[in-house]
2 protein chains.
Amino acid sequence: MNYKEFKKIYASSSRDIAREVFLENRDSIQIKKEKTAVKNLEKIFNAVFRISYKKGFQAMSMRDLSRETGMSLGSLYAYFSGKEKLLCTIQTHGWSIIKTNLEQISATYENPREKLRAVIKGHIFLSEFFSPWFYFTFMEARNIKPSELETVKSMEEYTQKIVTNILRSGEDQDIFKPDNHELTASMIKAMQQEWYLKRWKYRKLNVSVDQFADHLIDIVEAFCLAQKKLLVEDKSCR
Amino acid sequence: MNYKEFKKIYASSSRDIAREVFLENRDSIQIKKEKTAVKNLEKIFNAVFRISYKKGFQAMSMRDLSRETGMSLGSLYAYFSGKEKLLCTIQTHGWSIIKTNLEQISATYENPREKLRAVIKGHIFLSEFFSPWFYFTFMEARNIKPSELETVKSMEEYTQKIVTNILRSGEDQDIFKPDNHELTASMIKAMQQEWYLKRWKYRKLNVSVDQFADHLIDIVEAFCLAQKKLLVEDKSCR
DNA sequence: AAAAAAAACGAACAGACGTTCGCATTGTTG
DNA sequence: CAACAATGCGAACGTCTGTTCGTTTTTTTT
């Protein structure tokens, strides 16, 4: 599967995401009409991402946000009870996007090698598709208050566990070689994060998301596959 | 080389770093006596790192810094002309630490395989030793003003180029297999960064810096070494 | 088109921010 | 132990912050 095919299957617009957030927070949002609320939520999120990317969420003032969205200060507070709540909503929903999609992808495949490929690629393609959400979720994580922070950290551990488990079950079937799979999973995650944290670099290098994902999989398989399988190139599930 | 040996060779205290910063900025610092200045600079840097780690540099107020250092607001401004200057000084010196040490390590070895190992390990050991500097340099990079930002970005490219060049010269000597070395170097860097960005995770997993570095080198060599060399384990330069 | 509901507005407020500066304290020199 | 320089101090200033709320504008309903 390449990114183009991926997009066809998992297509969902930023409008769709805004609608999800609206339905989840209907009680705390003062706007009744779905159409109005969704339209403005979308505007708000995009503005937050644009400003935060440049100077960070803390440095973004509500007046910045008002200017960028074209909405007044008063209006903004009809959509969120405060700046803190806004941050928290984006964080929570960001993780929910990652979790939901990754679980679905993981459940689709049985064979560990295929599964590993699918999950690695899936994560990268997701981060490409929801780039601002991923970037924001990572970079602004430390700004949320301690009570919510535990939720976020457990999410982080959860997504890593998915990869660890694949490696472990692959080892049981003699497809992957034995090793410290927690550590390997961490490394994989670090390389996946690279894609959305340093996107500007790869645009400059003219590296496509497909190239990046394939390269990462090559590295992982060169290390993880049991030796005897190493020289037998399996192009079938590429 | 392991971390313990590394520390012996490259030992320098946070006091030493403070002295370097003092000597570099003697004209903009109002304090004349080296002993006083260095002592307080050290206090200031440590306080900045502690606070910034928790809530970020932007969110740190000068009153926070005053409280954490035990110095008055007025005193702080004798050491730095302003908050912006403080950020800039730490950023600049952080990169200088990385660059200077990495160049020295790189120059020590000739053989590409040894050189690659030394540079990878060196970077990780450096980041362990100067952990707050590395973390701060990465996480607060986007807060510096655009004019200085180019300097920082070129530093980033420079340190990556060191690895790219090793891979290239290794390919010429048939030690490494041909590939997109820029991309591989990026991946290596991403994994190196993982160590100082997520240090809490590895403390929890009980993974030592030596284990981490060795694991990373195993991954890199499994992928980079030319096939015929792959099964011949070379323990000599571990 | 009148009445009611929903949404948008932005001046105003209290508090926190970075920075300054006149004065107090400490350390050094003759 | 004066005299002086060096350093430390924190109240005070203007600006910017997040947030509120009475009002106006827009949309929907009658």
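Residue numbering restarts at 1 for every chain, and letters A, B, ... go by the order of the sequence lines.
The environment of B:Lys32 atom NZ is sparse: at most 12 non-hydrogen atoms of other residues, nucleotides or ligands sit within 6.0 angstrom.
Rounded to whole Å, the distance from CD1 on B:Ile31 to C1' on C:dT28 is 15 Å. Atom NZ of A:Lys39 and atom P of C:dA6 are 17 Å apart (whole Å). Protein atom CZ of A:Phe80 is 18 Å distant from nucleotide atom C1' of D:dT20, rounded to whole Å. Rounded to an integer number of Å, the gap from NZ of B:Lys32 to C1' of C:dG27 is 16 Å. Put simply, CG on A:Leu76 is 10 Å from P on C:dA8, counting in whole angstrom units. Atom CE of A:Met71 and atom C1' of D:dG18 are 16 Å apart (whole Å). In this structure, B:Arg63 atom CZ and D:dC13 atom P are separated by 14 Å, rounded to whole Å. Rounded to an integer number of Å, the gap from NZ of A:Lys33 to P of C:dA6 is 11 Å.
At a threshold of 4.0 angstrom between heavy atoms, the contacts of B:Tyr79 are confined to the sugar-phosphate backbone, with no base atom among them. A:Asp64 comes within 4.0 angstrom of nothing in the nucleic acid, heavy atoms only. Contacts of B:Leu73 with the nucleic acid, taken as non-hydrogen atoms under 4.0 Å apart, include base atoms. Note on B:Ser75: a base of the nucleic acid sits closer than 4.0 angstrom, heavy atoms only.
Listed pair B:Asn40 / D:dT7 fails the phosphate criterion, with no side-chain N or O lying under 4.0 Å from OP1 or OP2.
B:Glu68 and B:Arg63 are not joined by a salt bridge, as no carboxylate oxygen comes within less than 4.0 angstrom of a charged side-chain nitrogen. Ion pair B:Glu194/B:Lys201 flagged as a salt bridge, since at least one NZ, NE, NH1 or NH2 atom sits closer than 4.0 Å to an Asp/Glu carboxylate oxygen. Between B:Lys198 and A:Glu156 there is a salt bridge, since a side-chain N of the basic residue sits under 4.0 Å from a carboxylate O of the acidic one.
Of the two residues near DNA chain D, B:Gly74 and A:Glu84, the one whose nearest nucleotide lies more 5' is B:Gly74. Nearest-nucleotide positions on DNA chain D for B:Ser72 and A:Ala59 put B:Ser72 closer to the 5' end.
The aromatic rings of A:Phe138 and A:Tyr196 lie perpendicular to each other, with more than 60° between the two planes, well past the 30° mark.
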